[in-house]
Amino acid sequence: MNYSGFEAYEKSINKIGGSSAVFLAKVGDEDFIIAQGIADFKGEKLGDGKIKAPLTHENAEVLRKLLPFTAPSRVLTKDRSFGLGDRLGIATPGHIKLFEHYDAYPVFAQQSIRELNLTNRTYEDVLDAVTFAVFREGFKKGWGADGDHLKTVKDVEYALSLGFSMITLDCSDHIKNDVTDSNAPALPKNYGDKYLGKKFDIGEGVVLDFTEGELKKIVAIYGEAIGFAVDMYNRFLKDGKYAADFEISIDETVSTTTPLQHYFVARELIDAGVVFATMAPRFCGEFQKGIDYIGDLKQFEKEIKIHAVIARHFKYKLSIHSGSDKFSVFPSIGKETRGIFHVKTAGTNWLEAMRVVAAVDPALYREVHKYALSAFDEAQKYYHVTTDLSKIPNVDTLKDAELPNLFNQNDARQLIHITYGLILSKKNSDGSFAFKDKLYKLWKKNEQVYADALIKHIGKHLDLLGVKKG
Ligand code: ZN
């Protein structure tokens, strides 16, 4: 195979059989798939059996069939997995360089429907961006795709139909937050027979028992959510039609998941035949977006210990959501789970991209920052944050070189974190994007700067979680 005449990405060259090959090449300013002797790609025929195929969804599908490492796989069942919500579709090259060297499996594609809406993307885009990056870099270790925080039949079906390898079922709409001692309905007899007057020894010195009052409330809070999860499992995953793992998310609720609640939900799901790889309880304290843990560290350590014992007992992994920048709790998560966990990050990858903007184009950064300040009230409707805008220094009084330091300050981090959708969709009066196109152009030009930032920043997450290199 002659690659001459093409600026091929070396790691993307895949020979297939004796005379066929496929690789990624730069043609002008754009990347194309160049296929020799493979007719399935749609593109321009170059003669001598070559096709120059653009990076379309259709061609990504062909690539995923041809080279299975470019398709997602079930990495959630590995001991250590790590979710990387890349809202921009540009972070995977940096993530790849990191995960090549750590003993953990990446979930490169991970977006919720809300994130898709705020960034005007589709699951096709999300998946294809990773497929092309993995192809370009020759990353063959395996990676996952997470239909994150899905709540409806339609959305789960959408993610699975594209080959997503995990579904995070968000049960929050079915969790009753207003249950009290006085308004909880009477305890159904079958639950009383099953749980009352018994001690549940789950090993490692942890014994759980329920009082009638507690059990009555737990059934009232979680009964419907459990039913929902059982239905969704039976509908989509029971028959094994899709090669996907199931994560049960009960974290998006106002109150902390107690160990008894966690045990009850897991036990009921398992007794109903639901197979799930991970469960995300809501931990004590606050996991606010893009900043470190807020709360009582001792209490967190005490509680995660019991949550980890429950997960080990039932043989699934704990999943830690909103894991961006939770540096102070990573060591205890790593230790108490014995290095068996799933941790999700998202916003921090976007923040690192914006740190790059602050470093290489101060004028553009100041513009975006000021817009974010004006849009903060609107964005705050969707997030629980305790941002104090008055603590953020005025960008006009900061020297250019000081701008990247804003990303070491919690209030500035949260300002940029929660306004991402508004920043990316802001339009000028003529209908053109105010920032989006300029930002993408900047990121494309500074790809290596962004990759280095991610390696350093996400690397710190992995190091503190105790993930070994190798
Ligand atoms: Zn969550």
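In this text the structure is predicted, and so the values were computed from the model without any measurement. Here, residue 1 is the first one in the sequence, and each next residue gets the next number. As the structure lists them, so they are numbered: ligands from 1, and atoms in each ligand from 1.
- At least one side-chain heavy atom of His461 sits less than 4.5 Å from a side-chain heavy atom of Asp325.
- With respect to the Zn ion (ligand 1), Asp251 has OD2 as its nearest N, O or S atom.
- No hydrogens or angles considered: nothing links the side chains of Thr131 and Asp128 as a donor-acceptor pair under 3.5 Å.
- Tyr195 OH to Leu208 CG: the interatomic distance, rounded to the nearest 0.5 Å, is 11.0 Å.
- Minimum-distance N/O/S atom of His321 relative to the Zn ion (ligand 1): ND1.
- The one candidate from Thr345, Asn349, Thr348 that meets the side-chain hydrogen bond (donor to acceptor under 3.5 Å, both in side chains) condition with His457 is Thr348.
- Between the OE2 atom of Glu252 and the NE2 atom of His149, the angle taken at the Zn ion (ligand 1) works out to 90° after rounding to 10°.
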